[in-house]
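Heads up: the structure comes next, in structure tokens.
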There are 2 protein chains.
Amino acid sequence: MSAPTTQHTYTIKETAALTGLPASTLRYYESIGVIAPISRGASSKHRVYDEEDLDRLMWVACLAATGMSVGAMRQYVTNGQRGPAAAAEQIELLAEQERRLAVEAQHIAVRQRYVRLKIDYWQAVEAGDTARAERVSSEARTLADQLKRTTKQ
Amino acid sequence: MSAPTTQHTYTIKETAALTGLPASTLRYYESIGVIAPISRGASSKHRVYDEEDLDRLMWVACLAATGMSVGAMRQYVTNGQRGPAAAAEQIELLAEQERRLAVEAQHIAVRQRYVRLKIDYWQAVEAGDTARAERVSSEARTLADQLKRTTKQ
DNA sequence: CCTTTGACTTCAAGTACTTGAAGTTCCTAC
DNA sequence: GTAGGAACTTCAAGTACTTGAAGTCAAAGG
């Protein structure tokens with residue numbers, strides 16, 4: 001709506017909110033060299049993140065979300081630095097990551113279904129609706145069976 | 001299709017697949033008392049999980065997925081033991097957990113969008129399609145702006 | 001100018017898994 | 001029955017954060 005470029009720097013708190021990584025983890029990643037040292041405020045020691053830092057951190061957050069070790073992340077990030085020559089290779093890495101994130105998303109989805117079923121169950125119990133409680137229990141069994149099939153493939 | 005009750009026991013590997021928790025974590029949770037000791041095979045030392053164990057572990061997995069400490073999980077699990085008297089309380093706990101899982105799911109979703117955008121970008125670059133690359137970059141900026149709005153609320 | 005409030009800083013210690021080594025058990029196949 | 005391989009077991013050591021204490025800095029109000 002207004003200017004295309006809104007703001008160009010972020011505090012650690014804003015960065016944490018945008019990347020989904022806790023501030024403590026942002027500092028930790030910097031301390032062990034997963035990301036390059038972040039520039040500091042002119043008259044303060046506070047970290048000042050720019051758009052490019054945000055971008056790198058989003059990528060790191062994606063990698064961390066699927067259980068990649070910090071050593072491996074360091075590798076990936078430094079590899080990412082060398083120009084656009086390796087576009088195909090980049091795409092391969094990204095595609096792999098997409099798959100891993102999909103698995104992670106499925107785990108969360110299963111847990112959400114589980115919690116919703118449990119809520120339904122207890123609501124039925126509370127309402128004394130035995131029939132509905134049993135229906136929910138049988139749905140729970142269906143969920144378990146689906147899981148068995150999904151994970152067996 | 002066949003009998004309503006399929007199988008009543010599971011190995012640690014099956015349990016890991018169904019709950020989404022690594023086998024090492026299942027053993028760890030048992031060792032520190034987050035879950036009660038699992039019964040062992042008649043002639044082996046191997047753990048044998050039953051449906052009830054599975055149910056408890058799904059709940060623990062839900063709690064762990066949102067960063068709950070093992071101390072707190074221990075609390076929640078033992079609380080869950082005392083009968084259906086506290087249905088309302090159970091529902092409250094479950095609803096809270098549902099909210100936390102939703103946040104977690106959003107984090108993952110954002111990361112998926114990020115990775116997909118990056119793939120689009122590199123594919124455009126690879127194809128020499130500068131116009132498309134720029135369009136994708138602008139979409140990335142839109143994503144960032146959306147994040148800012150979402151997290152600020 | 002001074003104080004307060006809240007967000008930031010570092011560094012050390014704690015927590016939550018994870019991995020590896022070394023050994024046992026299960027299962028299938030001869 | 002016994003050989004081989006996969007899957008299990010325990011336990012100790014490592015990794016990846018996380019938390020807490022103690023102090024610094026920025027902005028707002030008196």
Side-chain angles (χ1 to χ4, degrees), chain A residues 7 9-35 37-50 53 57 59-77 100 103-104 107 111 151-152, chain B residues 7 9-35 37-50 53 57 59-77 100 103-104 107 111 151-152:
Chain A
Q7 179 193 1
T9 63
Y10 306 87
T11 66
I12 195 169
K13 200 185 180 188
E14 288 167 338
T15 307
L18 291 169
T19 59
L21 295 170
S24 58
T25 303
L26 295 177
R27 284 189 280 261
Y28 172 64
Y29 282 172
E30 187 180 344
S31 76
I32 61 169
V34 165
I35 54 168
I38 300 297
S39 63
R40 304 305 181 100
S43 67
S44 82
K45 290 194 282 184
H46 294 189
R47 288 168 177 82
V48 178
Y49 295 83
D50 62 22
D53 293 327
L57 281 168
W59 178 228
V60 168
C62 289
L63 297 174
T66 61
M68 179 166 291
S69 75
V70 292
M73 287 196 275
R74 208 170 358 211
Q75 275 289 325
Y76 272 52
V77 171
R100 279 193 269 255
V103 169
E104 200 54 37
H107 282 160
R111 282 156 198 175
T151 52
K152 255 175 198 163
Chain B
Q7 180 193 359
T9 64
Y10 306 87
T11 67
I12 194 168
K13 200 186 179 186
E14 288 167 336
T15 307
L18 291 169
T19 59
L21 295 169
S24 57
T25 302
L26 295 177
R27 282 189 281 262
Y28 172 64
Y29 282 172
E30 187 180 343
S31 75
I32 61 169
V34 165
I35 54 168
I38 301 296
S39 63
R40 303 305 181 100
S43 68
S44 82
K45 289 194 282 185
H46 294 188
R47 287 167 178 83
V48 178
Y49 295 83
D50 62 21
D53 293 327
L57 281 167
W59 178 228
V60 169
C62 289
L63 297 173
T66 61
M68 180 166 289
S69 76
V70 292
M73 287 197 273
R74 210 174 350 217
Q75 275 290 325
Y76 273 52
V77 170
R100 279 194 268 257
V103 169
E104 201 53 38
H107 282 160
R111 282 157 198 175
T151 53
K152 255 178 199 161

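Hydrogens, waters and symmetry mates play no part in the numbers below; they use all other heavy atoms, side chains included. Computed from a predicted model, the values in this text were never measured in an experiment.
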Round to a whole Å and report the spacing from [atom1] of [X] to [atom2] of [N].
X	N	atom1	atom2	result
A/Tyr49	C/dC8	OH	C1'	11 Å
A/Ile12	D/dC25	CD1	C1'	15 Å
A/His46	D/dT24	NE2	P	12 Å

Pair A/Arg111 + B/Glu104, salt bridge at N-O below 4.0 Å
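Salt bridge between A/Arg111 and B/Glu104, a charged N being under 4.0 Å from a carboxylate O: no.
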Between the protein and nucleotides 10-14 of chain D, which nitrogen or oxygen pairs come in under 3.5 angstrom?
from: D/dT10; atom 1: OP1; to: B/Arg40; atom 2: NH2; distance (Å): 3.2
from: D/dT10; atom 1: OP2; to: B/Arg47; atom 2: NH1; distance (Å): 3.1
from: D/dT10; atom 1: OP2; to: B/Arg47; atom 2: NH2; distance (Å): 3.1

Over the length of the helix from C/dC1-D/dG30 to C/dC30-D/dG1, how much do the five-pair end axes diverge, rounded to 10 degrees?
30°
Would you call A/His46 and A/Thr11 a side-chain contact if the rule is heavy atoms closer than 4.5 Å?
no
Is the shortest side-chain heavy-atom distance between A/Tyr29 and A/Leu21 below 4.5 Å?
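Yes. Closest side-chain heavy atoms under 4.5 Å.
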Please tabulate, one pair per line, each protein N/O and nucleotide N/O from nucleotides 15-20 of chain D that are separated by under 3.5 Å, including the distance.
from: D/dA16; atom 1: OP1; to: A/Val70; atom 2: N; distance (Å): 3.1
from: D/dC17; atom 1: OP2; to: A/Tyr29; atom 2: OH; distance (Å): 3.2
from: D/dT18; atom 1: OP2; to: A/Thr25; atom 2: OG1; distance (Å): 2.5

Which residue in the set A/Leu26, A/Thr15, A/Ile38, A/Thr9 passes side chain to side chain contact (heavy atoms under 4.5 Å, CB included) when paired with A/Asp53?
A/Ile38
Apply the test side chain to side chain contact (heavy atoms under 4.5 Å, CB included) to residues B/Val103 and B/Thr66: give CA-CA distance (whole Å), side-chain angles for both, the deciding distance (0.1 Å), then the verdict.
CA-CA 9 Å; B/Val103 169; B/Thr66 61; over 6 Å; no
Is any side-chain nitrogen or oxygen of B/Thr11 closer than 4.0 Å to OP1 or OP2 of D/dC8?
yes
With no hydrogens and no angle check, is any side-chain donor or acceptor of A/Arg47 less than 3.5 Å from a backbone partner on A/Arg27?
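Pair absent, no side-chain N/O of A/Arg47 close to backbone of A/Arg27.
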Just verifying a value: how many Å separate [X] [atom1] and [Y] [atom2], rounded to the nearest 0.5 Å?
X	Y	atom1	atom2	result
A/Met68	A/Cys62	CE	SG	10.5 Å
A/Thr19	B/His107	OG1	NE2	8.0 Å
B/Met73	B/Ile32	CE	CD1	7.0 Å

Side chain to side chain contact (heavy atoms under 4.5 Å, CB included) assessment of B/Leu18 paired with B/Tyr49
CA-CA 11 Å; B/Leu18 291 169; B/Tyr49 295 83; over 6 Å; no
